[in-house]
There are 2 protein chains.
Amino acid sequence: MTTSAGRNTRQRSAVAALLTEVDGFHSAQDLHAMLRDRGTRIGLTTVYRTLQALAEADEIDVMRPPGGEHLYRRCSDGHHHHLVCRGCGRTVEVVGPTVETWADKVAAEHGFADVSHTLEIFGTCGECMRKA
Amino acid sequence: MTTSAGRNTRQRSAVAALLTEVDGFHSAQDLHAMLRDRGTRIGLTTVYRTLQALAEADEIDVMRPPGGEHLYRRCSDGHHHHLVCRGCGRTVEVVGPTVETWADKVAAEHGFADVSHTLEIFGTCGECMRKA
DNA sequence: TGCGTTTTTGACAATCATTCTCATTTTCGG
DNA sequence: CCGAAAATGAGAATGATTGTCAAAAACGCA
């Protein structure tokens, strides 16, 4: 059931390729601009659609920072979370088996199935603390 | 240091009072409509501003469901998280000492201070599973 | 209690990311 | 190579949130 595959187009490959190269989180508009800069002819709409599809297929990560655009990122396999610096935006990937099992357990206790969750940790990193 | 208090106005009380009465999460627009219905003269802008202030003061809870408006809710004291049904939107408040300590520990390990976090658990509740 | 200062309010415009539309182009199985 | 089905993209539409700024309300103080 490759529900999320669709057809193999130049644009789709371009987005996927770009995501493999760049590090960190980027907004859809950001990615679109980068693609344009490197000469790829692609519409903003398509970037959005592609990102949505990739996110749905769990191939990329979506983060919704308070008060902003959605940010996308190719992430390492498996489920994980992010530790984000409020000052400089630097992000660290963290895995939390503890949280996973806890969330599942709690949900099950309340009769919930098909469980997923989102977790973001915000803080100020050492460097930004020194500056402030 | 009552930074978040500001002046005591009719509108501000109205929003606070409404939040005490209603259950569950509501969008700003929702709350605005309810206030209008019960005869309170208040502008949408003010509702937004008041909710923002209350959220900043940790007196209410903000949830940002995927693909939607911000939802606000008067929540019980202390830090907690939400288990939300994808089908009917019903929410259950859950506390997670496990998660709290884990998040703090992880953040500390990476040299982050002043740590906060957001966690939402999504699932399908028993009732909605039967229907589907 | 009355007055001036400062905050707050609110109608409306502005913003801005995201989604929709739909005609054109591209893909891919046969 | 052909035609049906899917994808693209430019621009319009959407819709929540934020900005603007003059008018109104609240509070401190005499």
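Since we're looking at a predicted model, the values are computed, not measured.
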Residues in contact with DNA chain D, drawn from residues 17-27 of chain A - heavy-atom cutoff 4.0 Å: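 Those residues: none at all.
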Length of the CG-C1' vector between B/L51 and C/dG10, whole Å: 15 Å
Check: A/R49 side chain, D/dG9 base, donor-acceptor under 3.5 Å: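 Yes.
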Distance-only side-chain donor-acceptor flag, A/T50 / A/R12, under 3.5 Å: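 There is no such pair between these side chains.
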Residue pair A/A28 / A/V47: nearest heavy atoms and the distance that separates them: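 The pair with the smallest heavy-atom distance is O-CG1, 3.7 Å.
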Residues in side chain to side chain donor-acceptor pair (under 3.5 Å) contact with B/Q52, at least two apart in sequence or another chain: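 Residues passing side chain to side chain donor-acceptor pair (under 3.5 Å) with B/Q52: none at all.
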By side chain to side chain donor-acceptor pair (under 3.5 Å) - contacts of A/R90 (at least two apart):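 So A/R90 forms no side chain to side chain donor-acceptor pair (under 3.5 Å) with any residue.
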Contacts of A/E109 that satisfy side chain to side chain donor-acceptor pair (under 3.5 Å) - sequence neighbours left out: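 Result, side chain to side chain donor-acceptor pair (under 3.5 Å) vs A/E109: none returned.
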Among D/dA7, C/dT18, D/dA10, the nucleotide that comes nearest once only the side chain of A/E69 is considered: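 Looking only at side-chain atoms, A/E69 lies closest to C/dT18.
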Presence of A/Q11 side-chain N/O under 4.0 Å of D/dA7 phosphate oxygens OP1/OP2: no
Pair B/K105 + B/E100: basic N to acidic O under 4.0 Å: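 No, no charged N to carboxylate O under 4.0 Å.
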Under-4.0 Å side-chain N/O to phosphate OP1/OP2 contact, B/R10 with D/dA25: no
Positions of residues 29-44 of chain B (non-hydrogen atom under 4.0 Å from DNA chain C), listed by number: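 Within this stretch, B/R36, B/R41, B/I42, B/G43 sit under 4.0 Å of the strand.
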Qualifying residues under salt bridge (charged side-chain N to carboxylate O under 4.0 Å, His left out), relative to B/D114, sequence neighbours excluded: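 Counting only residues at least two positions away or on another chain, B/D114 forms a salt bridge (charged side-chain N to carboxylate O under 4.0 Å, His left out) with A/R86.
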A/V22 vs A/R73, side chain to side chain contact (heavy atoms under 4.5 Å, CB included): CA-CA, chis, key distance, verdict: CA-CA 8 Å; A/V22 299; A/R73 179 204 213 183; over 6 Å; no
Residue pairs fulfilling ring pair (Phe, Tyr, Trp, His ring centres under 6.0 Å) with at least one residue in residues 10-47 of chain A, sequence neighbours excluded: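 Ring pair (Phe, Tyr, Trp, His ring centres under 6.0 Å) check on residues 10-47 of chain A returns A/F25-A/H82.
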Within 6.0 Å of CG in A/D23, more than 12 heavy atoms from elsewhere: no
Residues in side chain to side chain donor-acceptor pair (under 3.5 Å) contact with A/R36, at least two apart in sequence or another chain: none
Of A/Y48 and B/T46, the one whose closest DNA chain C nucleotide lies more 5':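 Counting from the 5' end, the first nearest nucleotide belongs to B/T46.
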Check the interface with nucleotides 28-30 of chain C: list each N/O to N/O pair with the protein under 3.5 Å, or write none.
{"unit_1": "C/dC28", "atom_1": "OP1", "unit_2": "A/N8", "atom_2": "N", "d": "3.2"}

Of all pairs that satisfy ring pair (Phe, Tyr, Trp, His ring centres under 6.0 Å), the ones with a partner from residues 102-121 of chain B, not counting sequence neighbours: B/H79-B/H117, B/H81-B/H117
C/dT18 phosphate, OP1 or OP2, under 4.0 Å from A/Q52 side-chain N/O: no
Nearest to side-chain heavy atoms of A/A28, which nucleotide of D/dT20, D/dG9, C/dT18: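 So the side chain of A/A28 is nearest to C/dT18.
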Set of side-chain contact (heavy atoms from CB on, under 4.5 Å) partners for B/A55, sequence neighbours left out: B/I60, B/V62
Bending between helix ends of the helix from C/dT1-D/dA30 to C/dG30-D/dC1 [5 pairs per end, 10° resolution]: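 Comparing the axis at each end, I get an angle of 40°.
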